[in-house]
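Below you'll find the structure, written out as structure tokens, and then a few comments.
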Amino acid sequence: AEVAQLGKAVDSLVMALVEATERRAELAGALASVVASTDRALDALWDGAAEAIADVPSDVRARTERMDRVRGALLAQLLVAFIIAFGIVIALGVFFVAGVERDVRSLRELARAMERGELSEQVQMDRATEELAELGDAFNRLAASLASVREKQSYYDSIVTGLNQT
């Protein structure tokens with residue numbers, strides 16, 4: 001009876017061992033499947049990362065080239081704006097200098113007329129700077145004052161001449 005019980009125990013043990021072996025085979029298959037899936041996922045991830053890393057230099061290069069083109073266009077526009085502004089400043093300077101030169105020429109002509117004794121002439125400074133307008137007014141007052149002095153001198157000369165004749 002002990003041998004029969006021992007036989008049953010051995011049979012039960014063999015059955016448990018067979019079941020454990022089958023279960024181990026199933027787990028090994030499942031584990032192999034998980035490992036294979038993980039390998040495929042890692043390979044796909046690695047390939048995607050490699051493509052993304054490979055695209056980074058070309059993306060950076062493309063952005064750098066675009067920034068260089070934009071920078072070049074901005075510099076060209078800035079240069080054009082500077083040239084236009086410089087031209088406007090030159091034109092305004094020429095216009096201003098021409099006006100000043102015209103006023104100085106009028107003052108010079110008045111001074112020459114006064115030198116010749118033509119004290120009735122006046123200078124007109126319509127577009128002069130404030131300083132040149134004041135100078136023109138001073139010349140006009142000087143001419144009027146000299147004309148007044150000349151009239152008084154002529155009057156006194158005529159008196160003296162009349163007294164000398166008598």
Side-chain angles (χ1 to χ4, degrees), residues 1-115 121-145:
E2 267 186 42
V3 172
Q5 252 184 356
L6 191 58
K8 280 185 189 182
V10 170
D11 284 340
S12 208
L13 189 57
V14 169
M15 286 300 275
L17 197 54
V18 168
E19 284 178 17
T21 303
E22 287 174 358
R23 183 75 179 137
R24 183 182 166 273
E26 286 175 15
L27 287 175
L31 184 60
S33 176
V34 167
V35 168
S37 293
T38 303
D39 280 345
R40 283 192 304 274
L42 287 174
D43 286 343
L45 183 63
W46 182 257
D47 289 343
E51 287 176 21
I53 290 171
D55 287 344
V56 167
S58 64
D59 186 47
V60 169
R61 192 176 319 111
R63 288 181 185 206
T64 303
E65 289 171 358
R66 183 171 180 258
M67 286 175 43
D68 288 343
R69 284 192 307 272
V70 168
R71 185 179 305 122
L74 286 174
L75 286 175
Q77 290 174 352
L78 184 62
L79 180 64
V80 167
F82 177 75
I83 289 170
I84 289 170
F86 188 70
I88 289 171
V89 166
I90 294 293
L92 289 174
V94 166
F95 179 73
F96 177 75
V97 167
V100 169
E101 191 259 337
R102 184 175 42 251
D103 292 336
V104 169
R105 189 179 316 122
S106 296
L107 288 172
R108 185 180 62 220
E109 289 172 6
L110 177 63
R112 286 185 180 157
M114 290 170 66
E115 184 180 32
E121 293 203 25
Q122 299 282 309
V123 68
Q124 293 295 328
M125 302 240 173
D126 297 330
R127 294 174 34 176
T129 62
E130 185 176 334
E131 293 83 5
L132 282 176
E134 287 179 20
L135 184 60
D137 290 342
F139 262 90
N140 290 337
R141 286 191 307 274
L142 177 65
S145 178

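All figures in this text were calculated on a predicted structure; none of them were measured in a lab.
The closest side-chain heavy-atom distance from Asp103 to Leu135 is not below 4.5 Å. Using a 4.5 Å heavy-atom cutoff, the side chains of Phe139 and Gln122 are not in contact.
Between Lys8 and Asp11 there is no salt bridge, since no side-chain N of the basic residue sits under 4.0 Å from a carboxylate O of the acidic one. A salt bridge does not link Glu109 with Arg105: none of the charged nitrogens is closer than 4.0 Å to a carboxylate oxygen.
Separation of atoms CZ (Arg63) and CG (Asp68) is listed at 14.0 Å; rounding is to 0.5 Å. In this structure, CG on Leu110 lies 11.5 Å from CD on Glu115, to the nearest 0.5 angstrom. Distance check, rounded to the nearest 0.5 Å: OG of Ser12 to CG of Leu17 gives 11.5 Å. Atoms CG and CG, on Asp137 and Leu142 in that order, are 12.5 Å from each other to the nearest 0.5 Å. Atom CD1 of residue Ile83 and atom CD1 of residue Ile88 lie 12.5 Å apart, to the nearest 0.5 angstrom.
Contacts classified as salt bridge (Lys or Arg N to Asp or Glu O under 4.0 Å) and involving residues 13-32 (residues at least two apart or in different chains) are given here: Arg23-Glu26.
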Q: Quick one: do Asp43 and Arg40 satisfy salt bridge (charged side-chain N to carboxylate O under 4.0 Å, His left out)? Show the steps, please.
A: CA-CA 5 Å; Asp43 286 343; Arg40 283 192 304 274; over 6 Å; no
Q: Under the side chain to side chain contact (heavy atoms under 4.5 Å, CB included) rule, what do Val70 and Leu74 come out as? Steps first, then yes or no, please.
A: CA-CA 6 Å; Val70 168; Leu74 286 174; 4.1 Å; yes
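Side chain of Ser145 to backbone of Arg141: no donor-acceptor contact under 3.5 angstrom is found. Looking at Ser33, its side chain never comes within 3.5 Å of a backbone N or O of Gly29 through a donor-acceptor pair.
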